[in-house]
Chemist: 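Mind having a look at this structure? Questions to follow.
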Amino acid sequence: MSRELSSRYDPSDSEKELYREWEGQGFFRADEKLAQDPYVIVIPPPNVTNVLHMGHGLNNTIQDVLVRWRRMQGRDTLWLPGTDHAGIATQNVVERELAAEGSTRLDLGRDAFVERVWEWVREYGGQIIEQLKVIGCSCDWSRTRFTLDEGLSRAVREVFVRLYEKGLLYRGRYIINWCPRCTTALSNEESEHREHDGKLYRIRYPLADNTERFVEVATTRPETMLGDTALAVHPEDERYADLVDREAILPLVDRRLPIVADEFVDPEFGSGIVKVTPAHDPNDFEIAGRHDLEAIDILTDHARISDEAPEAYRGQDRFEAREAVLADLDRAGLLVQIEEHRHSIGHCYRCGTMVEPRLSLQWFVRMEPLARPGLEAYRDGKLRFYPQRYGRIYEHWMENIRDWCISRQLWWGHRIPVWYCQRETCGEMVVSREDPDRCPECSGSLEQDPDVLDTWFSSWLWPFSTLGWPEDTADLTVFYPTSTLCTASEILFFWVARMVMAGYEFMGELPFADVLIHGTVRDHIGRRMSKSLGNGIDPIEVVQLFGADAMRFTLIRGAALGTDLQLNYEDLESAFRPGRNFANKIWNAVRFALPYLQDADAVDPAERDLELADRWILSRFGATGEEVTEALETYRLHEGAELTHAFVWGDFCDWYLELVKGRLEGERGSDSRDAAAATLVYVTRSWLRLLHPVMPFITEELARRLPGEASESSLVLGPWPEPDRKWRDAGAEHAMEALQEFVATVRNLRSEYHVDPRTGVTVHLQRDAGDLEHALAVEEKGMYRLAGITNLDRSAPPADGPGASAVLRAGAEVFVPLSGVIDVDRERTRLQTEVGRLEDLLAKTSARLGDEAFLAKAPEDVVERERQKERSLAEQRDRLVEKRRALGPTG
RNA sequence: GGGGCCUUAGCUCAGCUGGCUAGAGCGCUACGUUGACAUCGUAGAGGUCACUGGUUCGAGUCCAGUAGGCCCCACCA
């Protein structure tokens, strides 16, 4: 059995090697031929440009725990990995690289640029995949996909064509969100609203037929007035009834603006007159549609003033132009008022630039018909969210869904499969699965749409495009629909909701039933971890310092369902110490046990003559296993980790190992020793399994060292300790509880000499325990050494029924060492307050028991518990009072 | 403007369907290096569960309101 184990666990010794072994054996590969009750997760594909951060760490650890657990349960498990081409993000990265070389994508030209991005992706992309292995992710790497793969590209094109054929896709000029830095359209979801302290300017426009009279409008964006084509008032606004159908003159431009009446105008806001800028405001665009107004786009792609505006402003940046316009208006005496105004403005989710609402020709998906089945699925309870509250957010969004702008003015991505005939007289548009050569109408030459599709237009197909769709593959049959989707809340709309829609539309089925949404990783003062703030923690560094298991445990235990996780990025030690210490604890517990164990001990404990401690730990394990399984089933992973931790540290290490130490020293072949050894092997392997999904490396490492048939096999393939009532033993648990309570009481008493009136057990307090304690442990034959410090007689096994008296033979002697010297005065005070506290509790309890309403209405077991509590409290109090007396009067 | 969430020990948080003498980790205090573990052990201090009402035999847990904080959605210029 191998080399000596060090007293400290060093994860770097084994993690890499174990992972290589697991992967090499094909443990993570799903078998589409087995198809036994498959459990499937598709990874939220990280961007190819990404390097692993703690958010990924959390997200993927959660998925790995679920997947490993299900795999151990014997289900055919597939965790499908891959990356996303991330249109804007990736294009930006390469453009920055070009900029550093003093070049631009325009210099290179489209084909060369795209080739350059591919080179980048091949060279640096997908680093994150290797990093996922370092933290232990058990993905089926043989199925790794990329959103720009050939297969996935085919899926994208198929979807585009189908939607078009179904009339769910249209091209049109609408107001979209335009990022002037990325020079592309964005969807509504890609425009992030942020609060701004802006200003509201009141400007006067003279009337055309009476230039002495002015109307006043309010605007937050005065530069857009260059594109005004009308003014609007509310139809029922009496103040301005005489203005309707007259005209105003647009200052600085000298354009005549019709004054229209439109219900949209809120008479309460500002002056009650709105300037209408159809090309730069969604509402104004709507108004323009109703009144047949012209739209003038006064901005260029880079948000500079275009040639549509007066020459004086052309070429100015939008913010420069604002100042210039204001100055000119002011000079003309037309700027009447400036007030502070707080409002929210959209920003590009990739580069943070203020988004410009802009009229533009784009492709859109009609979403309402797609949303309907997804909405029903939620309302029917087929689609479930953990935590539930996200369901309501999803529902609200789906109910108010708006059409999706999917064309992007980028080069990196899926090219839109649409061709336009170049012959003006023809004007045919071809939407096709295959690249066409010539116009089918007139045989004229065709030009493909220059735009690419929104990255999310490939992501929303992920749960089935990765399985081979639109081909009818075995994978698709077996693994779709998937089981759980695990993600952060930020991409609920971007991705989750849309996958549901695509799932129904193209597969006729929900892509997953459970959506697990975890929190955000934040630093110790609550800020989101990010590169720009410099408060991120590199998971790989954490793995190197503390081990993957320690990191995983820390993340899982910290991430309660629906809550954010705070980690101190300045003090990694304090953030990850508990995880590392736990790993060390496990290591040492097993290290201690190993020398006492041999193959012969690995027999089923059921065949041994078990003692109380054995039956107790088996029972406790049974209960824990059941609770952990239940916690995992409801996605309360943190609770599973917590429960396992409490069992291993509290029950197994603190009590069972201590109870069993003496017995293990006994002679092989003796019933007591063999029972202890068999139980020890069995329970240890069992809790290693329970912990394996969270801490795969150390558990595997240790399980292999245990004797027994299973020592050759891997924990990876299970089995999972399924709930098994066989070992549950309420009697043993009660007896141990009594014992633990007794020991606690004894420690509390700190008496030099004490006899338990219930059992006649005598307690001695050893003042110089240092020398005595260990001697006592071995000196008296048949003594338990409890929790490291206490000796209890074990010679009276519970013959007939459990109970404290069965454990503690009347007249037995218990030795408890005294740590340090008691300060008598302090002790008296402590006892005094303790007695006071007990009296209060006792009074409350008695009062309750005297309450007829309580006795009448409370359930029987609650009343009984109250009675027991009353008795126990009285006993405790009496003992302490006596102790207090023994210490003598206050000095 | 609409919707959602949070407020429990010095810190970060658990506490599911109401029964709690309210827990964990970290931190703090005292003692301890005794053969699994000082990456440890033992003992301990520390909480009017934000506030006010209500329902109930019983509320940290359910309901209403108040205060403070957070998030999402939204076209009031």
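Hydrogens, waters and symmetry mates play no part in the numbers below; they use all other heavy atoms, side chains included. These numbers come from a predicted model, not from an experiment. A, B, ... follow the sequence lines: proteins, then strands. Residue 1 opens every chain.
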Chemist: Does G3(B) have OP1 or OP2 sitting under 4.0 Å from an N or O in the side chain of Arg389(A)?
Modeler: no
Chemist: Should Asp228(A) and Tyr205(A) be marked as a side chain to side chain donor-acceptor pair (under 3.5 Å) after you check the CA-CA gap, both sets of side-chain angles, and the distance that decides it?
Modeler: CA-CA 11 Å; Asp228(A) 284 1; Tyr205(A) 289 14; 2.6 Å; yes
Chemist: Compare all side-chain heavy atoms of Leu326(A) with those of Tyr201(A) and state whether any distance is below 4.5 angstrom.
Modeler: yes
Chemist: Can you tell me if the side-chain N/O atoms of Arg402(A) get under 4.0 Å from OP1 or OP2 in C75(B)?
Modeler: yes
Chemist: Looking only at side-chain atoms of Val862(A), point me to the closest of C37(B), G19(B), C76(B).
Modeler: G19(B)
Chemist: For Glu190(A) and Tyr349(A), what are the C-alpha separation, side-chain angles and deciding distance, and is it a side chain to side chain donor-acceptor pair (under 3.5 Å)?
Modeler: CA-CA 5 Å; Glu190(A) 288 170 315; Tyr349(A) 85 132; 3.2 Å; yes
Chemist: Out of A74(B), A77(B), G4(B), which has the shortest distance to the side chain of Arg392(A)?
Modeler: G4(B)
Chemist: Polar atoms only, N or O, under 3.5 Å: list the protein pairs with nucleotides 9-14 of chain B and their distances.
Modeler:
residue	atom	partner	partner atom	Å
A14(B)	OP1	Thr563(A)	OG1	3.2
A14(B)	O2'	His638(A)	NE2	3.4

Chemist: Could you tell me if Tyr596(A) and Arg663(A) have a donor-acceptor pair between their side chains, going purely by distance under 3.5 Å?
Modeler: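 The criterion, which ignores hydrogens and geometry beyond distance, is not satisfied for Tyr596(A) and Arg663(A).
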Chemist: Roughly, in whole Å, what's the span from CD in Glu490(A) to P in G4(B)?
Modeler: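 Those two atoms, CD and P, are 21 Å apart.
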Chemist: Considering every strand and a 4.0 Å limit on heavy-atom distances, what is the contact class for Phe493(A): base, sugar-phosphate, or nothing?
Modeler: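 Sugar-phosphate, backbone atoms only, no base.
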Chemist: Give me the distance, rounded to whole Å, that separates G58(B) from C11(B) when you measure between the P atoms they each carry.
Modeler: 33 Å
Chemist: Between G27(B) and U12(B), how far apart are the C1' atoms? Round to whole Å, please.
Modeler: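 Nearest-Å result for U12(B) against G27(B) at atom C1': 11 Å.
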Chemist: For U21(B), does either OP1 or OP2 sit under 4.0 Å from a side-chain N or O belonging to Lys869(A)?
Modeler: yes
Chemist: His341(A) side chain N/O closer than 4.0 Å to the phosphate oxygens (OP1, OP2) of A77(B)?
Modeler: yes
Chemist: Mind checking who C26(B) pairs with, Watson-Crick or G-U wobble, both distances under 3.5 Å?
Modeler: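 Looking at the geometry, C26(B) pairs with G10(B).
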Chemist: Which one is paired to U48(B), where only Watson-Crick or G-U wobble pairs with both distances under 3.5 angstrom count?
Modeler: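 Across all strands, not a single nucleotide pairs with U48(B).
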Chemist: So which nucleotide does G53(B) pair with, by the Watson-Crick or G-U wobble rule with both distances under 3.5 Å?
Modeler: C63(B)
Chemist: Distance between the P atoms of C73(B) and U29(B), in whole angstroms?
Modeler: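 Comparing P positions in C73(B) and U29(B) gives a spacing of 46 Å.
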Chemist: Paired with A74(B) by Watson-Crick or G-U wobble geometry, both distances under 3.5 Å: which nucleotide is it?
Modeler: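 Pairing partner: none.
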Chemist: Specify the separation, in whole Å, of atom CZ of Phe652(A) and atom C1' of A36(B).
Modeler: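 So the two atoms are 11 Å apart, to the nearest Å.
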Chemist: Determine the interplanar angle of the Phe493(A) and Trp397(A) rings, folded into 0 to 90°, and report it as parallel if under 30°, tilted if 30 to 60°, perpendicular if over 60°.
Modeler: parallel
Chemist: Aromatic contact between His196(A) and His347(A), with the criterion being ring centroids under 6.0 Å apart: yes or no?
Modeler: yes
